[in-house]
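The block underneath contains the structure these notes are about, expressed in structure tokens.
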Amino acid sequence: MHNDLQKRDRAVNWHPYTQMKTADDAIPIVKGKGVYLYDNKGKKYIDAVSSWWVTLHGHAHPYIARRISEQLNTLEQVIFAGFTHEPAIQLSENLLSLLPKNQQKVFYSDNGSTAVEVALKMCIQYTYNIGKSKTKVLAFKNAYHGDTFGAMSVSGRSAWTKPFGDMLFEVVFIDIPVKENLENLKEQIDHLGDEIACFIYEPLVQGAAGMLMHDAENLSELMKFCRNKEILMIQDEVFTGFGRTGKLFAADHLSEKPDIMCFSKGLTGGTMPMGITTCSEEIYNAFLSDDKYKTLFHGHSFTANPLACTAALASMEILLQEKTQLDIQRIMEQHSGFAEILKQHPMMENVRQTGTILAWELKTTQQTSYFNETGKMFYDEFLQRGIIIRPLGNVMYLVPPYCITSEELDFVYQNIIEVLDHFKNEKIN
Ligand SMILES: *Cc1c(COP(=O)(O)O)cnc(C)c1O
């Protein structure tokens with residue numbers, strides 16, 4: 001009963017990033033299988049955005065489900081201070097073996113925002129512990145690192161952060177690096193001298209900003225400069241991690257290594273909430289002391305939850321299988337073929353791709369922004385057609401689970417073209 005669930009939902013639930021006054025009723029989903037989500041009327045939707053970028057191998061993946069279920073019957077949770085368990089040890093071993101070699105220690109938390117909070121605290125306290133207290137942070141304009149206060153502080157100032165403006169700590173925002181501004185960026189950083197504790201950035205793709213992309217070479221050069229200036233680097237791979245950019249991590253495109261890395265979203269294949277912050281031996285060592293004040297006083301009740309660790313282990317196993325790696329390559333190739341078609345379309349602007357992420361902008365006289373109304377029209381039209389494409393303003397994008405077949409992708413592409421043609425002759429603002 002669609003309506004009954006919607007009525008009950010509206011009576012008690014407050015949805016994320018949703019203006020509840022004007023929002024349509026939420027669609028009740030009763031089942032997920034592979035790339036599809038099913039509503040309570042039996043209608044199915046292709047999840048072309050991986051349910052907010054988390055689902056890697058499709059919904060209700062039987063192997064991940066079985067592994068979680070076995071773990072659930074063995075050990076569901078244990079305090080991670082003073083205790084440990086096989087899934088956490090194994091996951092740390094497996095993950096570190098895939099990361100840049102300088103990543104040596106794993107700190108667990110619950111989501112992307114907390115992974116960022118931990119990273120920031122590691123950096124700031126690192127400078128405190130070594131007796132060179134620094135508190136300023138460098139970040140990219142339009143950055144998004146999460147919704148908790150620290151994560152908000154290092155995110156670009158926007159409508160999302162406005163009510164809290166005075167409570168956010170000081171951050172120096174710089175442009176994303178392109179060939180033309182690299183020297184200028186270096187000068188800006190140079191100018192700030194020794195005050196900067198760390199530089200936090202989304203590598204290659206700024207997701208929530210509207211899938212803004214920059215290339216690996218320029219970022220690598222900026223990182224190299226920060227390295228020389230002894231500015232710690234936090235690479236936020238919450239979105240880009242686990243294959244989205246075509247390689248296992250965005251780090252695999254870069255010639256410089258970060259000091260700290262953050263993961264969540266695809267970490268558990270999108271099945272369980274979990275965040276991870278990894279760091280170098282140098283950072284870890286700065287917290288080793290007989291002085292108890294040098295301890296990292298941070299932890300969450302569900303730190304290294306065994307079910308989430310097991311889900312991550314199972315998901316990473318699937319990710320590393322040859323079939324999945326071939327799927328990722330196939331999606332990339334199919335995307336770039338479709339990108340060429342999109343570029344020819346009169347309503348398209350700034351078609352761009354990094355790995356399995358394809359984004360484009362709808363031409364409109366309104367400014368590109370999160371509140372651009374155009375996207376809503378397209379969102380509704382795609383829903384009608386059984387496809388979930390959730391625009392960021394007038395930026396639309398595809399971030400499909402890797403299990404999506406060629407046929408399903410073609411179905412999505414074809415509908416995109418049909419919807420564009422459908423609106424072509426209508427006046428859109
Ligand atoms: C989504 C996201 C976060 C925040 O993760 P949550 O789990 O939503 O708190 C942080 N950084 C990046 C790059 C993200 O895309």
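Atoms within a ligand are numbered from 1 in the order they appear, just like the ligands themselves. For the numbers below, each heavy atom of this structure counts, side chains included, while hydrogens, waters and symmetry mates do not.
Annotation: cation-pi geometry not satisfied between Lys44 and Tyr38 (NZ/CZ under 6.0 angstrom from ring centroid, within 45° of ring axis). A cation-pi arrangement is absent between Lys294 and Phe287, since the terminal nitrogen or guanidinium carbon is not both under 6.0 Å from the aromatic centre and inside a 45° cone about the axis.
Checking atom 15 (O) of ligand 1 against the protein gives a heavy-atom contact under 4.0 Å.
For atom 2 (C) of ligand 1, the nearest non-hydrogen atom of the protein is Lys265 NZ, 2.6 Å. Protein heavy atom closest to atom 6 (P) of ligand 1, with residue, atom name and distance, is Gly112 N, 3.5 Å. Of the protein's heavy atoms, Ser113 OG, 2.6 Å lies nearest to atom 9 (O) of ligand 1. For atom 13 (C) of ligand 1, the closest non-hydrogen atom on the protein side is Asp236 OD2, 3.3 Å.
For Trp53, the heavy-atom gap to ligand 1 drops under 4.0 angstrom. Residue Gln206 places every heavy atom at 4.0 Å or more from ligand 1.
Counting non-hydrogen atoms of other residues, nucleotides and ligands closer than 6.0 Å to CD of Gln329 gives a total above 12. Heavy atoms of other residues, nucleotides or ligands lying less than 6.0 angstrom from CZ of Phe83 number 12 at most.
Heavy-atom proximity to Gly146, at under 4.0 Å, picks out these atoms of ligand 1: 4 (C), 10 (C). Heavy-atom proximity to His145, at under 4.0 Å, picks out these atoms of ligand 1: 10 (C), 11 (N). Atom numbering of ligand 1 starts at 1 in the shown order; those under 4.0 Å from a heavy atom of Phe239 are 15 (O).
Note on ring orientation: taking the six-membered ring where Trp is involved, the planes of His300 and His298 are perpendicular (angle over 60°, cut-offs 30° and 60°).
Side chains of Thr114 and Glu117: a donor-acceptor N/O pair is absent below 3.5 angstrom, by distance only. Thr405 and Glu408 form a side-chain donor-acceptor contact under 3.5 Å, judged by distance and modelled atom types alone.
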